[in-house]
S.K.: 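Input: one structure, supplied below.
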Amino acid sequence: MARDPVLTFTEEGIYCPAGDFHIDPWRPVPRALITHGHSDHARPGMGRYLATRAAAPVIRHRLGDVALKTIEYGETRRIGGATVSYHPAGHVPGSAQIRVEVGGEVWVVSGDYKTVDDGLSEPFEPVPCHAFITECTFGLPVFKWTAPDILAAQINDWWAANAAQGRISILGAYALGKAQRLLRLLETGIGPVFTHGAIENTNEVLRAQGITLPDTTRVTADFDRKAHPGALILATPSGLSGPWAAKFGPDRSTAFASGWMALRGVRRRRAADRGFIVSDHADWEGLNSAIRATGAERVFVTHGYTSVFRRWLEEQGLEAHIVSTEYEGESLETAEDAA
Amino acid sequence: MKDFAELFTRVDQTTRTSRKVAALTAFFQSASDADKLWCIALFSGRRPRRVITATVLREWAAEQAGIPLWLFEEAYPVVGDLAETISLVLPPPSREEDRPLSDWIAHLRTLSAQDDAARKVGILAAWDVLPDIERFLFTKLLTGGFRVGVSQKLMTRALAQATGIDEAELTHRLMGDWTPDTVTWTSLIEAPDPTAALSRPYPFYLAYQLEKTEEIEPVSDWFAERKWDGIRGQLIVREGEHHLWSRGEELMTDRFPEFATLKDFLPDGTVIDGEVLAFADDAPLPFAALQKRIGRKTVPRKLLSEAPAILMAYDLLEQDGTDIRAQPFDVRRAALARIIGSLPDGLPLRLSPEVVARDLEGLTAERALSRDLGAEGLMLKRRSAPYLAGRKKGDWWKWKVDPLTIDAVMIYAQAGHGRRANLFTDFTFAVRDGDDLVPFTKAYSGLTDAEFRQITAWVRKNTLQRFGPVRQVRPEHVFEIAFEGIQSSTRHKSGVALRFPRMARWRQDKPVAEANTLRDLHEMLTQYGS
């Protein structure tokens, strides 16, 4: 009798028949293993949740009082006929790749990941496996991320130049992960740092679990821009383009941080003054090196430039498949919202 | 090229005109004469001649990047710009070399005399020493149009700030058919030789569309004439030679040989602003007749007799060698009328007739006649106004007739380029014919950025089939297509071709069943067609 595959792809999400659980499901299921707290991976309505200890606070903050158990990185746990362990994915604090072993065959669901060390998340660790499930949001050879030291210099130079002219700087980024990563790159000697409420809420959760972040102040309705001429404001992508940003004065300088900023067309449509190329997803080289490092012969690509990336992998001698999921990655639409 | 890359970056990073001008001014204050001259040339549409085909360039880039060509081709439409795609896929430079802009341009121009193997060596060597933005700009010079968010107007304003020379005067100095090879910084900008530029045209004065009729009251202050539907042109007769310029600063002299005779009759030092029209039996021929002549460098005799061209004269800019643009319109017009009145009959030069009306109602009634007379509408010119340079509000208005419109169904979509890469902006529209949809036009413009984003998200989810870059979409959305004219065409399945089609409105309120039909379209052809 043919054995079930270690993982199958169902309407609810990625499923393990041997362990009777789902990984990052998008429909309600009894038992969900969660790679990280972004809303396209950790959704409400599951019976039970399992995530890393470091990912748990944000998931609780976002989903409320759910039945959530935690696991340490590298700890193995037996679920039905499957052996499961979580390994750092380098995407956001607490993010994990989930390793599933059934009868000696190993599959890894990488969730979202990046291979560069952002100084905030637990750095990505390659996990040897037979089959690797990967995203490819930036699966084209035009995506190459800026080195962290150069990125930090670009952002701080922009901020310092604005501060010198008494202009407020507003930097747009996702509330979980990217915002905190950028915070830690800032030279806080340049000026005070304020945050959009959604970012500050996440900051509070992360600080409470022991992650060190520079001092930040929540932007309130009575924010007086005259009192903080050289300030930097960390905004959510929608905050950057909405009426919320108007309170920082007509002469404010706006910037957006996203992998999509690598493309001049997207950068110009964004109509921000600056676009910093930074992503919590892997770039072209990151995807390829991560896949090579697993030694996997079979690769399943979930979201991004899937058909192109599959063809590329097949030319590299791998068995590659596309699976359709409801993960969103780093959305181009968000990057495009006009300022 | 670091300084030019810095200029480009500063210009590209902002949407604010004042910051762009400041960056350009800074460049003009510090760069070498040769680099300044090339900067002016590039931002006024004078790029070096293309030496390598785009096809070869992408092969070399893919090879150098260690990726298959098909992967390069997949990435290109996502990026939307060939030079940018190339500079992104290439490995980082092995070392950096900072040579001036003019030096790099000289380098790429030497390639044109070399064979393909030598060109490849020369280009790979350049890519290997140029970091990101510089590499992008160098490749941009190799591949195509140098459109980077700096208009000639903006560049001229910065040049005026950097040199202290009046902006209008500079605009004039930059006109004509100079290249960085035929002039120097000094001869072009600082000390122009008045005899060196016999063919140099004046900057065209352009009008905005009239929005409020209060602008043209009292009507007695305004001169009205037809807005003819041809090619705006400037005829120059100086020292026994004649030159005909288009509004886009293109020399059209050889395309319209019938005007050669005018140099024998017009006095030296005459410059006339007018409209080139195909014209027969005292009336303009449809624009389609003129269109046959536009693309041709030489004109076969048959076409000359089928579509004879005239210049419909609007204005006199130079009289007896003197620039009279500062004089009131009435004075210039009277001088123009005297010159044309003294010419023998049968020359291809006519005075654009004045449209006389006592009041706004009279003008409105005249405007309504436009389409029947083969005109686009009326032009209104303040009688006391000088001839200005560029598009200005206040003294000149165009008052075009309302466009024709038809409600059509979107059936194909294609992504745009450059700023519109990744965004579906190029659409094909159809009219209904029974249960069928018959495509009849494409349109690219008219929607807001927000609407383009909205329709893009919809296209991504509603693609039925792909044909290369073109997506067939679910026929669900109706758009009001506005256009200026309609004519029969055997090239199109629908049997019609439109002039200046664009999307006037996204009719989210209209179901497909209420879109117009092929029969409606053909009725418009009968009524307005040519």
Side-chain angles (χ1 to χ4, degrees), chain A residues 137-147 150 154 157-158 161 165 167 241 250-256 260-277 283-285 288 304-316 331-339, chain B residues 8-16 18-19 61-62 64-68 70-81 83-92 131-133 136-137 140 148-149 415-423 425 448-454 456-457 460-461 466:
Chain A
T137 306
F138 294 107
L140 289 175
V142 292
F143 294 108
K144 295 174 187 170
W145 302 156
T146 310
I150 295 175
Q154 287 173 345
D157 288 352
W158 164 73
Q165 305 205 31
R167 220 178 255 155
S241 45
D251 199 34
R252 64 190 184 270
S253 179
T254 55
F256 190 62
W260 294 105
M261 295 296 115
L263 304 181
R264 182 167 169 256
V266 181
R267 209 158 59 223
R268 295 179 68 209
R269 277 211 295 286
R270 212 354 164 132
D273 295 318
R274 294 293 298 269
F276 297 113
I277 305 169
D283 64 2
W284 172 255
E285 189 43 45
N288 279 287
Y305 293 100
T306 49
S307 60
V308 175
F309 200 60
R310 176 188 58 179
R311 182 172 167 195
W312 162 255
L313 292 176
E314 282 179 341
E315 287 189 2
Q316 308 306 301
S331 133
L332 177 59
E333 273 84 5
T334 308
E336 276 180 357
D337 276 339
Chain B
F8 169 81
T9 306
R10 286 180 63 188
V11 163
D12 203 46
Q13 279 171 351
T14 182
T15 48
R16 297 180 198 196
S18 57
R19 291 189 199 167
Q64 197 68 3
I67 57 169
W70 70 262
L71 184 55
F72 183 94
E73 300 294 353
E74 289 285 352
Y76 173 31
V78 173
V79 176
D81 182 282
E84 189 185 347
T85 313
I86 289 173
S87 58
L88 288 174
V89 301
L90 288 171
D132 32 40
I133 299 292
F136 166 67
L137 292 171
K140 198 91 183 138
V148 292
H417 280 88
R419 188 174 176 273
R420 301 167 125 206
N422 270 316
L423 212 53
T425 56
T448 62
D449 279 2
E451 283 173 320
F452 275 129
R453 275 196 299 277
Q454 193 186 345
T456 294
R460 285 186 185 135
K461 292 194 187 85
R466 294 184 188 208

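Atoms considered below: every heavy atom in the structure, side chains included; atoms not considered: hydrogens, waters and symmetry mates. Chain letters run A, B, ... following the sequence lines, proteins first and then strands; every chain starts at 1. It should be emphasised that the depicted structure is a prediction, and the values quoted were computed from it without experimental measurement.
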S.K.: Do you know which of B:P68, B:P92, B:S87, B:A450 has the most heavy-atom pairs with chain A at a distance under 4.5 angstrom?
M.R.: B:P68

S.K.: Should the ring pair A:W260 and A:F138 be called parallel, tilted or perpendicular, given that the plane angle runs from 0 to 90° and is split at 30 and 60?
M.R.: tilted

S.K.: Return the minimal non-hydrogen interatomic distance between B:Y76 and B:D81, and the atom names on each side.
M.R.: CE1-C, 3.6 Å

S.K.: With a 4.5 angstrom heavy-atom cut-off, is it the side chain or the backbone of B:F72 that approaches chain A, or both, or neither?
M.R.: neither

S.K.: Tell me, please, which residues at least two apart from B:S18 pass side chain to side chain contact (heavy atoms under 4.5 Å, CB included).
M.R.: B:R16

S.K.: Which region of A:L263, side chain (C-beta onward) or backbone (N, CA, C, O), has a non-hydrogen atom less than 4.5 Å from a non-hydrogen atom of chain B, or is it both or neither?
M.R.: both

S.K.: Non-hydrogen atoms of chain B under 4.5 Å away: do they reach the side chain of A:R267, the backbone, both or neither?
M.R.: side chain

S.K.: When only pairs under 4.5 Å are counted, which of A:P141, A:G275, A:A255 shares the most heavy-atom pairs with chain B?
M.R.: A:P141

S.K.: Please tell me whether A:W158 and B:Q13 have a donor and an acceptor in their side chains that are separated by less than 3.5 angstrom.
M.R.: no

S.K.: Between A:K144 and A:D283, does any side-chain N to carboxylate O distance fall below 4.0 Å?
M.R.: no

